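First comes the structure, then the notes that go with it.
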Amino acid sequence: MSGVKIKTRIRLGLSYLMLVILSVAALYPAIWILLSSLRPGKSLYSKTLIPETFTLEHYRALFYDPTLLFPTWWLNTFKIAFFSMLLGVFLTLLTSYAVSRFRFKARKTTMSGLLVLGMFPGFMSMIAIYLLLKEFDLLDKHLALIIVYAAGAPLGGTLIAKGFLDTIPRSLDEAARIDGASNFGIFWRVILPLSRPMITYMALTQFVGPWVDFIFARLILRTKEKWTVAVGMWDMVNTNQNTNFTTFAAGAVLISIPIMILFAFLQKLLVEGLTAGASKG
């Protein structure tokens, strides 16, 4: 056997070994959470990975325990994530359409500014945002989270969406303009129908962010009835008196189900939107 074949097999073996390690590292926490949600009791510790007996009591507690309010938290989270997604995707598409199709003096400065601002973590501005929301009497209101989430969407998605829009031929814009379409008409009737993969990608990312966010929601929402799922589940285990780790695991499983369903059914459009958006700058 030649030295080249030996090196190739060693390289492939190491690649497969690394993939196995990464798969175990990714799947083990998910499996542990799933099995913990089916384990009797409230303890985080267990001698075995697989429970000796299985129970659905923790799932029933989420919906029937009056102290948890899990259905209310779930609906609050869905409302915030859904409207943040709609408004955030619309703002991102408008911004990316402007920098992709129009040439103006501050165009490069705008794109550079979006790139730089997108590098900073969102929690750096939380104190300033908190003070602004307090002045506008928006604390402890879901509208505050929707506005902030949607307004921040163009920072992370404009350049990717612009790359996708650059792949759409400008001749379509010119043909529509000859037929009398305005700039917004071109955007609504030409660009949007052709941007379905990119819209799917942005919608998923914009939905998942508010769905799992904890830090900002914990800062703004103070009333228990207005909490999101992340804040409510944190309250289950934040003190020595509240150690409902198995119920927490059941809630984590229920939170993940909508995201898994969305990614499973929209995976093709998601990959198309991500790869096409990265093909041009």
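Predicted model, so just to flag it, every value in this text is computed and none were measured.
Residues A150 and L91 come closest through the heavy atom pair O-CD1, 3.8 Å. Considering every non-hydrogen atom in both F214 and A230, the closest pair reads CD1-O, 3.8 Å. Residues P193 and V190 come closest through the heavy atom pair CD-O, 3.5 Å. Heavy-atom minimum distance, A153 versus Q206: CB-OE1, 3.3 Å.
The shortest distance between side-chain heavy atoms of L219 and I215 does not fall below 4.5 Å. Within the 4.5 Å cutoff, the side chain of K105 has no heavy atoms near those of the T109 side chain. Side-chain atoms of W234 and W227, non-hydrogen and from C-beta on, never get closer than 4.5 Å to each other. With contacts defined as side-chain heavy-atom distances shorter than 4.5 Å, the pair L172/L194 qualifies. Two residues are said to be in side-chain contact when any heavy atoms from C-beta on lie closer than 4.5 Å; I259 and L204 fail this criterion. Annotation: side chain of T205 is not in contact with side chain of V208 (no heavy-atom distance under 4.5 Å).
Note that CD1 of I220 and CD1 of I129 are 8.0 Å apart. Values are rounded to the nearest 0.5 Å. The distance from atom NZ of K226 to atom CG of L69, rounded to the nearest 0.5 Å, is 14.0 Å. Atom CG of L192 is separated from atom CE of M198 by 13.0 Å, given to the nearest 0.5 angstrom. To the nearest 0.5 Å, the span separating OG1 on T228 from CG on L145 amounts to 7.5 Å. The distance from atom OG1 of T247 to atom CG of L68, rounded to the nearest 0.5 Å, is 7.0 Å. Note that CG of L87 is 12.0 Å distant from CZ of F82, once rounded to the nearest 0.5 Å.
Applying the side-chain contact (heavy atoms from CB on, under 4.5 Å) criterion to S36, with sequence neighbours excluded, gives W32, R39, A249. Remark: L22 engages M18 in a side-chain contact (heavy atoms from CB on, under 4.5 Å) (not counting sequence neighbours). Residues forming a ring-ring contact (aromatic ring centres under 6.0 Å, His included) with F63 (at least two apart in sequence, or on another chain): F70. Annotation: salt bridge (charged side-chain N to carboxylate O under 4.0 Å, His left out) contacts of D173 (sequence neighbours excluded): R101. Not counting sequence neighbours, the partners of E57 by the salt bridge (charged side-chain N to carboxylate O under 4.0 Å, His left out) test are R60. In this structure T223 satisfies the side chain to side chain donor-acceptor pair (under 3.5 Å) test together with D140, sequence neighbours excluded. Y130 meets the ring-ring contact (aromatic ring centres under 6.0 Å, His included) test with no other residue; sequence neighbours excluded. Looking at residues two or more places apart in sequence or on another chain, you find no salt bridge (charged side-chain N to carboxylate O under 4.0 Å, His left out) involving R177. With sequence neighbours excluded, the residues that form a side-chain contact (heavy atoms from CB on, under 4.5 Å) with A250 are S37, H58, Y59, L62. For A151, the side-chain contact (heavy atoms from CB on, under 4.5 Å) criterion is met by no residue, not counting sequence neighbours. Every residue two or more places apart in sequence or in another chain was checked for a ring-ring contact (aromatic ring centres under 6.0 Å, His included) with F104, and none qualifies.
I50 CD1: 12 or fewer foreign heavy atoms inside a 6.0 Å radius. Applying the 6.0 Å contact sphere to NZ of K134 captures no more than 12 heavy atoms from other residues, nucleotides or ligands. Within a 6.0 Å radius of CZ in F54, more than 12 heavy atoms belonging to other residues, nucleotides or ligands are found. Heavy-atom neighbours of F136 CZ from other residues, nucleotides or ligands within 6.0 Å: at or below the threshold of 12.
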*With side-chain contact (heavy atoms from CB on, under 4.5 Å) as the test, would you mind laying out the steps for M202 and M85 before giving the verdict?*
CA-CA 8 Å; M202 290 191 297; M85 176 193 69; over 6 Å; no
_Run T55 and L38 through side-chain contact (heavy atoms from CB on, under 4.5 Å) and show every step you take._
CA-CA 5 Å; T55 180; L38 301 173; 5.8 Å; no
*For F216 and Y149, what are the C-alpha separation, side-chain angles and deciding distance, and is it a side-chain contact (heavy atoms from CB on, under 4.5 Å)?*
CA-CA 10 Å; F216 188 66; Y149 290 144; 4.1 Å; yes
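In the hydrophobic clustering of ILVMFWY residues, with side-chain heavy atoms under 4.5 Å counting as a link, L143 and L132 come out apart. Under the 4.5 Å side-chain heavy-atom criterion for ILVMFWY residues, no single connected hydrophobic cluster contains both I21 and L12. Using a 4.5 Å cut-off between side-chain heavy atoms of Ile, Leu, Val, Met, Phe, Trp and Tyr, with links allowed through other members, L27 and L17 fall into different hydrophobic clusters. Both L56 and I257 are assigned to one and the same hydrophobic cluster, defined by single-linkage of ILVMFWY side chains at heavy-atom distances under 4.5 Å. In the hydrophobic cluster analysis, where Ile, Leu, Val, Met, Phe, Trp and Tyr join through side-chain heavy atoms closer than 4.5 angstrom, F184 is grouped apart from I178.
Listed for the W211 side chain is a donor-acceptor partner under 3.5 Å among the backbone atoms of I255. Side-chain atoms of R107 come within 3.5 Å of backbone N or O of V99 as a donor-acceptor pair. A donor-acceptor pair is defined here as one N or O able to donate and one able to accept, closer than 3.5 Å; such a pair exists between the side chain of S182 and the backbone of G185. Side chain of T158 to main chain of L155: no donor-acceptor pair is present (N/O by atom type, distance under 3.5 Å, no hydrogens or angles). The closest donor-acceptor contact from the side chain of D179 to the backbone of A181 lies at 3.5 Å or more, if one exists at all.
Residue pairs that meet the side-chain hydrogen bond (donor to acceptor under 3.5 Å, both in side chains) test with at least one member in residues 71-95, sequence neighbours left out, are K79-H142.
Note on ring orientation: taking the six-membered ring where Trp is involved, the planes of Y97 and F187 are tilted (angle from 30° to 60°).
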